Amino acid sequence: MVRELPEGRLSGRIVEAEGYPPGDPAGHHFRGPTPRNQSLFLRCGHVYVYFNYGMHFMLNISSERAGIGGGVLIRALEPLEGIELMQRHRKSTDLIDLTRGPGRLAAALRIDRTLDGLDLFSRGPLWIGVRVPEKSARHVAVKEPPAAVTVRIGITRAADKLFRFYERGNPFVSGPKRLLR
DNA sequence: AGTGCGATTGACT
DNA sequence: GTCAATCGCACTA
């Protein structure tokens, strides 16, 4: 995940996310489009930013064809670039909690509703890149990071669905210990 | 027009 | 472990 700001570039590896697919009663798109959630109905790859609990922004990415509601909540990053600026945004120097959790992540990247509706493919102020290894590893077997699947965090409806995905063992993943697998 | 609560976090016992 | 902060919005009437 790459955030471009006048002060510099911020980036991090996505290590935790949750799916909110079409028809999911826990999704904000479930009851149809409204002014708040219309970005979830844009073609996949658009940003939906939700202001939660009156104080935290949450970063989502639409995941379906145009007109179909669905999205992915980005819950945690492993910080890569611009760590000092992220620390200023978070008013904390604690590295492990810098982007661990959806609210912290959005604060660190200075994400708010002005980014709502943005097309991630447009290479604007926010986009997703593919990290290229420092050295060419074509002849080396690339090891896939171990993935784990659990129920989603902090929801009440469809609470049994296994739609949370994270990199096993990564210290930048959020959530209660009982969900660790 | 009024109301209850939410995809969380940080402070505190 | 508990709990307050804080507000936009969907829902009810």
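Owing to the predicted nature of the structure, the values given are computational and were not obtained by experimental measurement.
- Remark: A:D24 engages A:R152 in a salt bridge, criterion side-chain N to carboxylate O under 4.0 Å.
- With rounding to whole Å, A:I153 atom CD1 is found 16 Å from B:dG6 atom P.
- In this structure, A:T156 and A:G101 both approach DNA chain B, and ranking their closest nucleotides by distance from the 5' end singles out A:T156.
- Listed nucleotides B:dA7, C:dC7, B:dT9 differ in distance to A:R104; the shortest reach to its side chain belongs to B:dT9.
- C:dG1 and B:dA7 are spaced 23 Å apart, taking the C1' atom of each and rounding to whole Å.
- The two atoms that bring A:N37 and A:H28 nearest to each other are ND2-O, 2.8 Å, heavy atoms only.
- Look at A:E7 and A:R88 and you find no salt bridge, because none of the NZ, NE, NH1 or NH2 atoms lies under 4.0 Å from a carboxylate O.
- Base contact: A:M55 has a heavy atom under 4.0 Å from a base atom.
- Here A:Y20 packs flat against the base of B:dA7; its ring centre is closer than 5.5 angstrom to the base's six-membered ring, tilted by less than 30 degrees.
- Residue A:N37 contributes atom CG, which lies 13 Å from atom C1' of C:dG8 at whole-angstrom precision.
- The shortest distance between the side-chain N/O atoms of A:T34 and the OP1/OP2 oxygens of C:dA10 is below 4.0 Å.
- The nearest whole Å value for the distance from the CD atom in A:Q38 to the C1' atom in C:dC9 is 14 Å.
- Listed pair A:R157 / B:dA7 fails the phosphate criterion, with no side-chain N or O lying under 4.0 Å from OP1 or OP2.
- Atom pair A:Y50:OH and B:dC5:P shows a separation of 13 Å (rounding to whole Å applied).
- Here A:R36 lies in heavy-atom contact (under 4.0 Å) with sugar-phosphate atoms only.
- When the nucleotides C:dA10, B:dT8, B:dA7 are ranked by their closest atom to the side chain of A:N60, B:dA7 comes out on top.
- A donor-acceptor contact under 3.5 Å is not formed by the side chain of A:H56 with the base of B:dA7.
- The hydrophobic clustering, which links ILVMFWY residues whose side-chain heavy atoms are closer than 4.5 Å, places A:L179 and A:V15 apart.
- Atom CZ in A:F51 sits about 11 Å away from atom C1' in C:dA5, given to the nearest Å.
- Side-chain N or O atoms of A:S62 include one that pairs as donor or acceptor with a backbone N or O of A:R43 at under 3.5 Å.
- In this entry the distance linking CZ of A:R113 with P of C:dC7 reads 16 Å, nearest Å.
- Nearest nucleotide to the A:Y53 side chain, out of B:dT9, C:dG8, C:dT6: C:dT6.
- Taking every side-chain heavy atom of A:R90 into account, B:dG10 is the closest of B:dG10, C:dA10, B:dT8.
- Counting to the nearest Å, the P atom of C:dG8 and the CG atom of A:D116 are 15 Å from each other.
- Look at B:dT8: its Watson-Crick or wobble partner, with both distances under 3.5 angstrom, is C:dA5.
- Computed from coordinates, the A:Y48 OH to B:dG6 C1' distance equals 11 Å when rounded to whole Å.
- Note on ring orientation: taking the six-membered ring where Trp is involved, the planes of A:F57 and A:F51 are tilted (angle from 30° to 60°).
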